[in-house]
Every structure is written in C-alpha cells, then in structure tokens.
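Step one of this worksheet: look at the structure below.
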Amino acid sequence: MLDRKFILENLDLLKTNIANRGMQVRLDEFVQLEGQRKALLQQVEALRAEANMLAKSSAAVEDKRAKGQQLKAEEAALTEQLKTIEAQAEEIYLTIPNLTAPESPAGGEECSLDIARGKTPIREFDFPIQDHITLMERHKMLNLAAGAKVAGSGFYYFTGAGALLELALTRFALDHIMASGYTPVITPDLVRDDLMVGAGFVPRGNESNTYRLEGYDLNLIATSEITLVGMHADEVVDLTQPIKYAGLSHCFRSERAHGSATRGIYRVHQFTKAEMVVICKPEEAEDFHLELRRLEQEIYDALEIPYRVLEIAAGDLGAAAYRKFDLEAWMPARGGLGGWGEITSTSNCQQFQARRLNIKYRDEAGKLQYAATLNGTAVSVCRPIIAIVENCQQADGTIIMPKALQPYLPTQYWVLK
RNA sequence: GGAGGCGUGGCAGAGUGGUUGAAUGCACCGGUCUUGAAAACCGGCAAGGGGCAACCCUUCGUGAGUUCAAAUCUCACCGCCUCCGCCA
C-alpha cells in the first residue's frame with residue numbers, strides 16, 4: 001500500500017497511474033471517506049481526552065461516575081460510526097495499486113516491450129517435433145492421468161527422469177543464486193490470512209487464485225514470496241546488508257487452464273518453485289531488481305533455453321509491483337506452432353509490500369523507514385521442463401539434457417533414450 | 001492428549017486498579033575527557049495517528065468485557081516454555 005497522506009496529496013498522479021494500469025478504483029469515494037474519518041476521529045479523541053482528564057482529576061467519585069458514564073456513552077456511539085467509515089475506507093485503500101516505473105509502458109499485456117534475448121538462439125528443427133506431453137509420457141517422466149484421478153485436472157505425477165529433473169533443476173538454481181549471497185530457505189507451504197493479504201494476495205472471494213483450508217485461518221501459498229517476506233512482518237530488520245533468500249516451496253494456484261497453449265503441465269494447480277526474495281533499503285531496490293533479472297538470465301542461458309525478456313506494461317503489473325520483468329522461454333510445440341511461454345517474473349515492490357506487512361529498518365539517521373521488497377523466480381519447475389524437453393528433443397525422440405544439469409543427474413539420465 | 005507457567009519498548013527485565021507510556025540494564029545517538037580508541041562521567045532515546053502550534057489520542061500477544069479509571073481484574077483466542085503421556 002501507499003502512504004495515506006501521499007495518496008491524498010497526489011490524487012492526479014494516482015488517477016493517471018490507475019488509468020495506465022487499466023484499473024477501476026473508487027478514489028474519490030476514498031478521499032471523501034478519509035475526510036469523514038478524520039472529522040469523526042477528532043470528535044472521538046476530544047471525548048476521550050475529556051474522559052481521561054476526568055478520571056485523573058480529584059473530583060468526588062460520585063461526580064466522576066456520573067459524568068464518566070455519560071462521556072463513555074457518547075464516545076461509544078461515535079466510535080461505532082468511526083469503525084464503519086474506517087472499514088469502508090480500508091476496503092478501497094487495499095485496492096489502490098503501487099506507483100508505476102517510468103520505464104513500464106502504459107496499457108495492457110499486449111503493450112509489454114520485448115527488450116532482450118537470451119544467448120541461446122531458437123533452434124530450427126528438420127524433423128516433425130513433438131510436444132512435452134508426448135515426449136514426457138514416452139520417457140515415463142509424467143503421468144497426467146494419475147494426477148487427475150487422485151487430485152483432479154491440473155495435477156500430475158513426475159516419475160523417474162521427471163522427478164529427478166525437478167530435483168536437478170531446483171538444486172542447480174539454488175547453487176547458482178547461493179553464489180550471489182542468497183540464503184537457501186525451505187518455508188511452510190501454508191500461511192495465515194493476514195500475511196497473505198499483506199503480501200498482496202486475495203485469500204477469499206471471486207478474485208482469489210489461491211486455495212484456502214476450510215475450518216482454518218490458513219491458505220496454501222501461491223509462492224514462497226509470501227512466507228519469505230511474511231517471515232519479517234512486524235519486524236525492524238537490520239539492512240546494513242540486504243536480506244537475500246533463495247526460497248524453496250510448493251506453490252498452489254486454483255486458476256483453471258484452458259486452450260491448447262496451456263495443455264499438459266503449463267498451467268497446473270501445484271508446482272515446486274525456487275524463488276528469490278530481496279529485502280533492502282529503498283534506494284538499493286532498482287539495483288537489486290537488475291540483479292534478480294541478471295540471475296534469471298544466467299540460469300536460462302546456462303540451461304540453453306532460448307528466451308526473451310519483457311518489460312511488463314502497467315496493465316499487467318501486480319498491484320504491489322512498481323516494475324516487472326518477465327522471461328519467456330521459447331516452447332517449440334506450444335499451441336501447435338511454437339510460442340513464448342512465461343517462465344520467470346521479477347518485481348520491484350518498493351515499499352508497498354513492506355508498508356502492508358510492517359517491515360522497517362533504521363536508516364543512517366536512526367529513523368525507522370519501510371524496507372523495500374523484491375522477488376524473482378529462479379526456477380518454477382514445470383515450465384522450464386516443457387522448454388527443456390521440447391527444445392532438446394532429437395529426431396529419434398531422445399532428449400539430450402542441458403550440460404548444466406549433468407552434475408545434478410545420474411549419468412544414465414544425461415540422454416533420455 | 002493431561003498438568004502447570006509465561007507473553008511489557010531494538011534486546012533483557014521491573015511493574016497486580018488511579019501522578020506508569022511504563023523503573024533498571026544493554027544497545028544506539030550527542031557531549032566531556034583522550035594523540036586516537038576504550039573506560040568513566042553528563043545528556044538524549046518507543047511506535048502509530050491527529051493538530052499551524054501548544055498539545056491531544058491510541059498501543060504492554062490479539063479480541064471482547066468489568067470500571068469514573070486497566071499493563072494490572074474477567075472471558076475467549078493465538079503463541080511460547082516446563083513436566084507427564086504418546087510417538088518417529
């Protein structure tokens with residue numbers, strides 16, 4: 001969230017920003033409610049001040065009692081009104097998005113800019129190619145039918161080389177980012193409602209893309225970003241050195257897949273992900289955002305997967321993101337003719353998330369400031385697997401694993417025959 | 001699962017109905033001293049909100065309640081610790 005005062009003092013800026021993001025926010029109503037809230041708050045506080053003074057005074061107890069009870073009744077009535085107004089204002093407040101970087105183009109998804117390419121060129125195939133489902137089933141790496149039987153559509157089993165490939169990918173990614181000072185962390189896969197909201201996710205209602213546990217104040221996490229950032233909620237953290245995590249967790253998303261571009265394991269309800277999170281001083285955030293993007297590019301260059309880098313348009317940014325880069329891998333069989341598919345995403349949330357979660361640090365002057373938070377995907381397992389098996393397939397149906405994964409795979413899995 | 005105990009400022013730790021937003025120590029900031037540092041000594045130091053300001057309001061795990069008045073009493077919830085039971 002943004003600072004309340006900042007919002008009220010920069011309404012035009014906010015309105016332009018909301019328009020650029022293609023969002024609907026009841027900003028005028030918010031301003032009106034805030035006005036009412038402050039007026040009521042002042043009345044309530046005046047009554048409380050009077051009651052406090054009375055309680056501390058040396059008046060006779062009987063007088064105190066009579067006057068005090070009267071003040072308390074007045075205060076209770078006004079407080080009731082105040083709570084209603086506050087709740088209404090809060091509801092809108094939570095929908096106000098972060099500001100947007102000047103680099104982010106206005107407009108929706110189609111306005112995102114293709115700004116860079118990976119080192120690996122797109123391969124020309126001189127034989128009819130197969131999609132990841134066919135390839136993985138052939139090599140007994142994937143069992144979609146069993147996933148559907150046991151947990152429903154959108155679930156799957158990784159077997160044999162598939163299972164080992166998940167482990168190899170995550171371990172490779174962790175090693176790579178650990179070398180840049182990221183601490184590996186295995187987090188809970190469940191999280192309480194308040195931290196979910198704090199991180200910017202919606203646990204309930206139509207807009208929710210996440211699972212909630214019936215009877216518990218708990219949700220399956222959509223990303224370990226939630227638990228990694230939530231780890232420091234309500235804390236004053238030491239940012240002499242930035243906090244850098246390499247999180248490993250399962251991720252759960254309830255969104256439904258449809259269309260040929262999402263066949264197989266492109267969009268699933270559960271996947272394993274190695275995630276990078278940085279908590280730093282706001283003035284360092286831009287640099288770390290570039291570091292996260294660089295690490296992502298290094299990982300997919302090493303895996304020899306062709307990709308492009310997108311500067312994400314305002315309309316496709318999450319509410320918390322100030323700026324976002326996506327890496328999209330070339331998936332040769334996607335949608336039949338091949339296509340780009342998102343494999344990573346890195347966002348600079350500036351102080352937006354930290355303000356919600358109350359994560360602060362002490363600056364050089366000793367003052368408390370909100371920290372900046374950033375996140376980026378290292379490896380979100382399913383989609384890179386699609387890219388690897390489709391890009392590395394041979395005319396005879398064998399798959400040659402990227403060299404970078406060899407240290408993480410038994411030798412008999414270096415080439416899947 | 002049974003029994004008991006605890007949850008106070010960045011940390012440790014006093015405080016059981018009214019002048020306690022909270023003793024004390026550590027940490028931190030400023031100063032004296034010192035060639036410099038340390039030590040010692042002096043002073044400052046919770047957060048959030050409202051107000052031009054004086055100043056006011058809120059916060060002692062969370063929520064509800066009792067009272068003119070709650071860190072302090074009651075209830076519920078959350079978390080932590082100890083012992084017993086159960087068990088990898």
Side-chain angles (χ1 to χ4, degrees), chain A residues 1-10 30-94 96 186-188 190-199 203-204 212-219 226-227 230-243 279-282 351-371:
Chain A
M1 57 181 67
L2 296 168
D3 181 61
R4 283 187 134 96
K5 259 187 208 156
F6 178 86
I7 292 170
L8 296 175
E9 286 165 5
N10 295 276
F30 179 73
V31 174
Q32 192 205 332
L33 284 166
E34 277 294 288
Q36 290 179 33
R37 188 179 72 85
K38 276 186 193 170
L40 264 173
L41 187 63
Q42 284 175 25
Q43 291 180 52
V44 169
E45 287 189 355
L47 282 172
R48 284 182 186 160
E50 203 180 337
N52 285 345
M53 259 182 344
L54 178 74
K56 284 179 192 167
S57 74
S58 51
V61 172
E62 309 83 68
D63 295 343
K64 281 183 167 186
R65 195 168 290 149
K67 183 69 180 163
Q69 280 172 353
Q70 181 206 331
L71 286 172
K72 205 162 79 166
E74 285 176 42
E75 197 243 79
L78 281 179
T79 300
E80 194 67 23
Q81 285 181 46
L82 180 62
K83 278 186 179 171
T84 310
I85 301 275
E86 272 177 346
Q88 288 170 2
E90 186 72 10
E91 195 188 319
I92 301 176
Y93 188 30
L94 284 174
I96 299 173
I186 293 176
T187 85
L190 271 63
V191 69
R192 294 210 320 259
D193 281 347
D194 53 340
L195 292 179
M196 190 92 166
V197 172
R204 302 162 193 257
R212 192 156 189 286
L213 260 65
E214 192 180 339
Y216 296 86
D217 172 26
L218 286 171
N219 306 270
I226 302 171
T227 40
M231 210 173 157
H232 295 290
D234 296 314
E235 284 184 7
V236 176
V237 292
D238 179 4
L239 292 183
T240 320
Q241 295 295 317
I243 298 172
I279 303 175
C280 64
K281 299 171 188 167
Q351 295 170 295
F352 190 92
Q353 214 172 32
R355 191 173 277 114
R356 279 195 185 190
L357 289 168
N358 191 27
I359 303 174
K360 295 182 175 177
Y361 74 102
R362 233 170 253 286
D363 67 15
E364 285 74 11
K367 287 206 63 169
L368 289 174
Q369 307 283 358
Y370 288 108

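By convention in this document, chain letters (A, B, ...) are assigned in the order of the sequence lines, proteins followed by strands, and residues within each chain are numbered from 1.
Rounded to a whole angstrom, the distance from the P atom of B:A64 to that of B:C55 is 31 Å. Here, B:A40 and B:U58 have their C1' atoms 41 Å apart, quoted to the whole Å. Between B:C28 and B:C87, the two C1' atoms lie 48 Å apart (nearest whole Å). Comparing the C1' positions of B:A27 and B:C81 gives an interatomic distance of 26 Å, to the nearest angstrom. Annotation: B:A46 and B:G21 have their C1' atoms spaced 8 Å apart (nearest Å). B:G65 and B:U72 have their P atoms separated by 15 Å, with the value rounded to a whole Å. Using C1' as the reference atom, B:A71 and B:U62 are 15 Å apart when rounded to the nearest Å. Nucleotides B:G9 and B:G63 place their P atoms 15 Å apart, quoted to the nearest Å.
Note: CG (A:Asp363) to P (B:C28) measures 17 Å, nearest angstrom. One interatomic measurement links the two molecules: CG of A:Leu82 to P of B:G50, which rounds to 13 Å at whole-angstrom precision. Summarising the geometry, the separation between NZ on A:Lys56 and C1' on B:A70 is reported as 13 Å, rounded to the nearest angstrom. Rounded to an integer number of Å, the gap from CD of A:Glu75 to C1' of B:C56 is 14 Å. Counting to the nearest Å, the P atom of B:G50 and the CD atom of A:Gln36 are 17 Å from each other. Here the C1' atom of nucleotide B:C57 and the CD atom of A:Glu74 are 17 Å apart, to the nearest Å. One can place CZ of A:Arg192 at 9 Å from C1' of B:G79, the figure rounded to the nearest angstrom. Rounded to whole Å, the distance from CD on A:Glu34 to C1' on B:G49 is 11 Å.
Pair assignment for B:A37: none, as no Watson-Crick or G-U wobble contacts are both less than 3.5 Å. Under the Watson-Crick and G-U wobble criteria, each requiring two contacts below 3.5 Å, nucleotide B:U74 is paired to B:A64. With both pairing distances under 3.5 Å, B:A54 is matched to nothing as a Watson-Crick or G-U wobble pair. Pair check for B:G79 finds B:C6; Watson-Crick or G-U wobble, both atom distances under 3.5 Å. If you check B:U16 for Watson-Crick or wobble pairing at under 3.5 angstrom, you find it has no partner at all. The partner of B:A69 is absent, by the rule that a Watson-Crick or G-U pair needs both atom distances under 3.5 Å. Across all strands shown, B:G1 forms a Watson-Crick or G-U wobble pair with B:C84, both key distances being under 3.5 Å. The base-pairing partner of B:G25, taking Watson-Crick or G-U wobble contacts with both distances under 3.5 Å, is B:C11.
Using a 4.0 Å heavy-atom distance criterion, A:Leu368 is classed as a sugar-phosphate-only contact. Contact annotation for A:Asn52: backbone-only contact, meaning every heavy-atom pair under 4.0 Å involves sugar-phosphate atoms and none involves a base.
With values rounded to the nearest 0.5 angstrom, A:Leu71 atom CG is found 5.0 Å from A:Lys67 atom NZ. To the nearest 0.5 Å, the span separating CD1 on A:Ile96 from CD1 on A:Ile7 amounts to 4.0 Å.
The minimum heavy-atom distance between A:Leu357 and A:Ala199, with the atom names listed, is CD2-N, 4.0 Å. Here the shortest heavy-atom pairing between A:Leu218 and A:Asp193 reads N-OD1, 4.5 Å. Summarising the geometry of A:Arg37 relative to A:Leu82, their closest heavy-atom pair is O-CD1, 3.6 Å, with the distance given to 0.1 Å. A:Ala371 approaches A:Ile279 most closely through the heavy-atom pair CB-CG2, 3.8 Å.
Toward the 5′ end of RNA chain B lies the nearest nucleotide of A:Tyr370, the other residue of the pair A:Tyr370 and A:Ala49 mapping further downstream. Annotation: of the two residues near RNA chain B, A:Lys83 and A:Leu41, the 5′-most nearest-nucleotide partner is A:Leu41.
In this structure, of B:G10, B:A69, B:G48, it is B:G10 that holds the atom nearest to the side chain of A:Arg362. For A:Lys38, whose side chain is taken as the heavy atoms from C-beta onward, the closest listed nucleotide among B:G51, B:C68, B:A47 is B:G51. The side chain of A:Leu54 has B:C68 as its nearest neighbour among B:U58, B:G49, B:C68.
A sub-4.0 Å separation between OP1 or OP2 of B:G48 and a side-chain N or O of A:Lys360 is present. In this model, the phosphate group of B:A69 is approached by a side-chain N or O of A:Lys72 to a distance below 4.0 Å at OP1 or OP2.
The main-chain N or O of A:Val191 is found under 3.5 Å from a side-chain atom of A:Asn219 such that the two form a donor-acceptor pair. Here the side chain of A:Lys360 pairs no donor or acceptor atom with the backbone of A:Val236 at under 3.5 angstrom.
Remark: the A:Gln42 side chain and the B:G51 base include no donor-acceptor N/O pair separated by less than 3.5 Å.
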